[in-house]
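The sequence lines fix the lettering, A, B, ..., with proteins before strands; numbering per chain opens at 1. All values reported here derive from a predicted model rather than from experimental measurement.
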Amino acid sequence: MNEPQWWLMKSEPDVYSITHLKEENETLWDGIRNYQARNFMRNMSVGDKAFFYHSNCKPPGIVGMMEVTKTNLVDPTQFDKDSKYFDPKSNKEKPRWDCAKLKYICEYKRKLSLKEISEKFSADELILVRKGNRLSIIPVPNIIAKKLLTYLE
DNA sequence: GCCAACGTTGGC
DNA sequence: GCCAACGTTGGC
């Protein structure tokens, strides 16, 4: 059994927050329309862990933990004409976008803000703190994940 | 295949 | 609202 890989997954709390996930227990992480982020998601394995990051809010930061429960799922929103994620260039024979299913693990008592993360990590260590980073899904090396956890627990 | 224009993300 | 950093698009 390999050690689970860690990820950092961003969501705007106005759209989907850790509270929503807690209520649902499990969610399809759909709407990813960036190829790099999609490719990262394709590399996820069941049992992997992810930090839930609230973006575009004050302050942005890590608020909880999730676990990957299913992978290689077709993102249904690409075929939904009423969805903002509808993609006319995709087709059911060869779907362009897929997603994973994530399960709620916990919400941290205290948010670890981007500011704190920036103070504790260098840009080399963590993609998240690199200026201009816009990826909504980021792999987190295990050693970095462990360091993050020491500030969260 | 190059590259300029344009769009998006997201912190500030 | 600004802007940096990319990704995407489309003309050539």
Exercise. Mind checking the NZ-CD1 spacing from K10(A) to I138(A)? Nearest 0.5 Å is all I need.
Key: 5.0 Å

Quiz item: Say you draw a straight line from CZ of R130(A) to CD of E125(A); how long is it, rounded to the nearest 0.5 Å?
Solution: 10.5 Å

In whole angstroms, how far is the [atom2] atom of [N] from the [atom1] atom of [X]?
X       : N       : atom1 : atom2 : result
Y35(A)  : dC6(C)  : OH    : C1'   : 15 Å
L128(A) : dT9(B)  : CG    : P     : 17 Å
R134(A) : dG10(B) : CZ    : P     : 8 Å
F40(A)  : dC6(C)  : CZ    : P     : 13 Å
N56(A)  : dC2(C)  : CG    : C1'   : 14 Å
N39(A)  : dG7(C)  : CG    : P     : 12 Å
R33(A)  : dG7(B)  : CZ    : C1'   : 16 Å
N34(A)  : dT9(B)  : CG    : P     : 9 Å

Quiz item: Taking everything shown except K103(A) itself, do over 12 heavy atoms lie less than 6.0 Å from its NZ?
Solution: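 Check fails, neighbour count at 12 or below.
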
Quiz item: Heavy atoms under 4.0 Å, any strand shown: does K58(A) hit a base, just sugar-phosphate, or nothing?
Solution: nothing

Quiz item: According to a strict under-4.0 Å criterion, is K131(A) in side-chain N/O contact with OP1 or OP2 of dG11(B)?
Solution: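 Answer is no, no contact under 4.0 Å.
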
Self-check item: Distance below 4.0 Å between K84(A) side-chain N/O and dT8(B) OP1 or OP2
Solution: no

If you check every side-chain atom of [X], which of [options] has the closest atom?
X       : options                  : value
P60(A)  : dG11(B), dG10(B), dT9(C) : dG11(B)
S136(A) : dG11(B), dA4(C), dG10(B) : dG10(B)
Q36(A)  : dG11(B), dG10(B), dG7(C) : dG7(C)

Quiz prompt | Working for side chain to side chain contact (heavy atoms under 4.5 Å, CB included), residues Y104(A) and H20(A) | solution = CA-CA 10 Å; Y104(A) 173 85; H20(A) 294 123; over 6 Å; no

Exercise. Name the orientation class of the two ring planes belonging to W29(A) and F52(A) (parallel below 30°, tilted from 30 to 60°, perpendicular beyond 60°).
Key: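 W29(A) vs F52(A) ring planes: perpendicular.
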
